[in-house]
**Student:** 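Shown below is the structure under consideration.
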Amino acid sequence: MKLKSIMIRVISYTGAFCTIVLVNACSHQEVPTQPSLSTIPGSQVKLSKQASDFAQLEILTVKPRYSQSTIITTGEIKADDNRVFHINSIVAGRVAKDNVVLGNAIKPGDQLAVVENIDVARTYGDYIHQAHQNEIDISQAEARLDLAKKNVQRLEKLNKEGIVAEKDLIAALSQQRLCEIILQGSKEHKIHIKAEFKSLLAAYGISLEEEEKQGLSHIISGSPIRAPKAGVVIKKNVTVGDVVNPIEPLYVVADLSKVWLNIAVYDKDLGKIKEGESAIFHSDSIPGTNFKGTISYIQPAAGDTTKTFLARVILPNEKLILKPGMFGQVEIRGGRSNQYPYLPDRAVQKYGNDTFVFIKQDDSSFAKRKVTLGDRLGDGYLITQGISAGEQVVGSGSFKLKSELLKSEISNEE
C-alpha cells in the first residue's frame with residue numbers, strides 16, 4: 001500500500017502550555033505553538049523565559065497576620081431582666097376596664113385597667129363626709145366670730161360711756177379670740193383632710209383633684225391601674241370580668257430600648273471567647289441588617305438541659321426593631337494573638353492528603369512545598385508550618401504549575 005505522506009501528531013497538554021510536533025514522510029520539522037515548560041520530578045517546575053512570560057504567574061510576597069478566632073453560633077433576643085417590671089393591682093376586685101393589647105407600647109401614667117373595689121368607694125365616701133363636715137365647721141366658726149366681733153364693738157362703745165364694766169369688755173375680747181382660733185383650726189383641718197385622702201386615693205391610683213372636678217356627689221368605686229414607666233407589654237394575665245388580687249401581676253412590661261442577645265457557646269469554643277470581644281447578630285426576620293455589640297457576660301456553668309454555655313451581649317434598640325424571641329446567627333470575633341504567615345486561597349493547592357504552595361527559587365524555577373493550614377481568615381489561611389514571612393510564592397497561575405507537576409509524576413510512574 002502506497003502512502004504519500006504520514007502525519008504524526010504528538011500533543012502534550014499542560015493546561016496553558018503545549019508543544020505540537022509534525023512529522024511527514026520526507027522531512028521532520030518541529031513547530032512550537034507555545035513556549036516550552038519542563039519539570040524536575042518530585043518537587044520542582046522549571047520554565048523557559050518565554051514560558052514564564054506567557055504564563056503571567058502572579059508572585060506574592062508572604063506577609064504575616066495576626067490570628068483571630070471566629071466562632072459562628074446561634075443567638076436569641078431576650079428582654080433585659082433588669083428592665084422588666086410587673087404591674088399589679090393594689091386592691092382585690094373585679095376588672096371593669098381593660099385598655100391594653102399584648103405588645104402595646106405604653107407611657108408613664110397611661111391607664112391600663114380599672115378594678116372595682118369597695119374599699120375605694122369607702123375611702124372616697126369618707127373623704128366627702130369629712131370634707132362636708134369641715135365646711136360646716138368653718139361656716140359655724142365664721143358665724144360665731146362675726147357675732148363675737150360685733151359684741152366687742154358694742155361693749156367698747158358702752159365701756160367708753162361708763163355703762164359697762166371693764167371686765168365685761170375683756171371677756172368679750174377673749175370670746176372673739178377663741179372664735180378666731182376655732183376658725184383657724186377648722187381651715188387647717190381642711191388642708192389636713194385633703195392631704196390625707198389625696199395620699200390614700202393616690203395609692204389606689206386615683207387623682208383627688210380630677211375627681212373633685214366632677215363634684216362631691218360623684219362617688220368612685222374603681223381603682224385605675226396606671227403605668228409607672230414606659231415599656232412594651234410582653235405578657236398579659238387579665239381581661240374584663242376577671243377577679244384579681246394584689247399578688248398576681250396583671251401585666252408584665254419590658255423596656256426594650258436595650259435588649260439581651262443570649263448566645264449559645266459550646267464547650268469546645270468556650271476557651272476562645274472572653275468578655276469585651278465583639279459579636280455580630282443577624283436574623284432572617286430582618287434581612288440585610290447586622291447588629292453589633294460586645295460580650296458583657298459569660299455564664300460560669302453550663303445549662304442543665306442544653307449542656308451549653310451562655311454568653312450575653314447588650315444591644316441598643318431605640319427603634320424597637322429587635323423583638324424578644326427572635327433567633328439568628330451570631331459571629332464572635334476574638335482578639336488578636338500570635339502572628340502567622342498568611343496566604344490567599346489562589347496560592348494554596350491541594351492534591352490527595354497534601355496541601356502545598358509553589359515557592360519562587362529564581363525567575364524560572366518554582367519548588368513545591370508542603371504547608372499546614374491554620375485558621376481561615378478572610379479569603380485565605382494562616383499558615384502554621386511550611387513557609388515564613390518574606391518568602392515569595394506563586395498566586396494566580398499556581399494551578400498551572402500543579403497540573404504540569406502532576407502530569408510529570410504520572411508519566412514517571414508509567
**Student:** May I have the step-by-step check of salt bridge (charged side-chain N to carboxylate O under 4.0 Å, His left out) for E209 and K198, ending in yes or no?
**Tutor:** CA-CA 8 Å; E209 288 81 0; K198 181 179 180 181; 3.2 Å; yes
**Student:** Is there a donor-acceptor pair closer than 3.5 Å between any side-chain N or O of E156 and the backbone N or O of Q153?
**Tutor:**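 Not a single qualifying donor-acceptor pair exists.
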**Student:** When you measure from the centre of the six-membered ring of F356, is the NZ or CZ of R369 under 6.0 Å away and within 45° of the axis?
**Tutor:**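 Judged by the rule (NZ or CZ under 6.0 Å from the ring centre, within 45° of its axis), R369 is not positioned above F356.
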**Student:** Donor-acceptor check, side chain of N317 to backbone of L256, threshold 3.5 angstrom: yes or no?
**Tutor:**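 Here the side-chain-to-backbone pair exists.
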**Student:** Just by modelled atom types, is the S257 backbone N or O under 3.5 Å from a matching donor or acceptor in the D255 side chain?
**Tutor:**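 Checked: pair present.
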**Student:** Is the shortest heavy-atom distance from the side chain of Y251 to the side chain of L102 under 4.5 Å?
**Tutor:**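 Side-chain contact under 4.5 Å: no.
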**Student:** Using a 3.5 Å distance criterion without hydrogens, assess whether the side chain of K402 forms a donor-acceptor pair with backbone atoms of K368.
**Tutor:**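 Between the backbone of K368 and the side chain of K402 there is no qualifying donor-acceptor contact (under 3.5 Å).
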**Student:** Take F197 and Y127 through the test ring-ring contact (aromatic ring centres under 6.0 Å, His included) and record every step on the way to the result.
**Tutor:** CA-CA 6 Å; F197 281 94; Y127 165 70; 5.4 Å; yes
**Student:** Kindly indicate, with the supporting measurements, whether the criterion side-chain contact (heavy atoms from CB on, under 4.5 Å) is fulfilled by T123 and Y204.
**Tutor:** CA-CA 10 Å; T123 301; Y204 293 113; 4.0 Å; yes
**Student:** Would you say the side-chain atoms of N117 pair up with the backbone N or O of A92, donor to acceptor, closer than 3.5 Å?
**Tutor:**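 Confirmed, N117 side chain pairs with A92 backbone.
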**Student:** Under the side chain to side chain contact (heavy atoms under 4.5 Å, CB included) test against L343, which residue among I387, L382, L60 passes?
**Tutor:**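 Answer after filtering I387, L382, L60: I387.
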**Student:** Would you please test V91 and D119 for side-chain contact (heavy atoms from CB on, under 4.5 Å) and show each step?
**Tutor:** CA-CA 8 Å; V91 299; D119 290 337; 5.5 Å; no
**Student:** Does a side-chain heavy-atom distance below 4.5 Å link D267 with D269?
**Tutor:**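 Counting from C-beta outward, D267 and D269 never come under 4.5 Å.
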**Student:** May I have the step-by-step check of side-chain contact (heavy atoms from CB on, under 4.5 Å) for F327 and T74, ending in yes or no?
**Tutor:** CA-CA 7 Å; F327 284 89; T74 58; 5.8 Å; no
**Student:** Could you check if a side-chain atom of I71 sits within less than 4.5 angstrom of a side-chain atom of Y266, using non-hydrogen atoms only?
**Tutor:**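 Not in contact.
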**Student:** Just by distance, no angles: are the side chains of N134 and Q130 close enough, under 3.5 Å, to form a donor-acceptor pair?
**Tutor:**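 On atom types as modelled, these side chains do not qualify, holding no pair under 3.5 Å.
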**Student:** Are V115 and V244 close enough that some pair of their side-chain heavy atoms sits under 4.5 Å apart?
**Tutor:**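 Yes, side chains in contact.
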**Student:** Does any donor atom in the side chain of E180 or Q184 lie under 3.5 Å from an acceptor atom in the other side chain?
**Tutor:**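 Result is no, nothing qualifies.
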**Student:** Please walk me through it: do I225 and Q111 pass side-chain contact (heavy atoms from CB on, under 4.5 Å)?
**Tutor:** CA-CA 6 Å; I225 310 300; Q111 187 184 93; over 6 Å; no
**Student:** May I ask you to test the R312-E275 pair for a side-chain heavy-atom distance under 4.5 Å?
**Tutor:**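 Of all side-chain heavy-atom pairs linking E275 with R312, none is under 4.5 Å.
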**Student:** If you define the side chain from C-beta out and look only at heavy atoms, does anything of R376 sit under 4.5 Å from D345?
**Tutor:**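 Yes, their side chains come closer than 4.5 Å.
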**Student:** With K236, which of V253, V101, L250, D98 fulfils side chain to side chain contact (heavy atoms under 4.5 Å, CB included)?
**Tutor:**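 Testing K236 for a side chain to side chain contact (heavy atoms under 4.5 Å, CB included) against V253, V101, L250, D98 leaves exactly one candidate, D98.
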**Student:** Got a second to check how far R144's CZ is from L183's CG, nearest 0.5 Å?
**Tutor:**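 If we round to the nearest 0.5 Å, R144:CZ and L183:CG are 10.5 Å apart.
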**Student:** Return the minimal non-hydrogen interatomic distance between R226 and I87, and the atom names on each side.
**Tutor:**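 Closest approach of R226 to I87, heavy atoms only: O-CG2, 4.4 Å.
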**Student:** Indicate yes or no: at least one non-hydrogen side-chain atom of V313 is less than 4.5 angstrom from one of F281.
**Tutor:**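 The answer is no, as the side chains (C-beta and beyond) never meet within the 4.5 Å cut-off.
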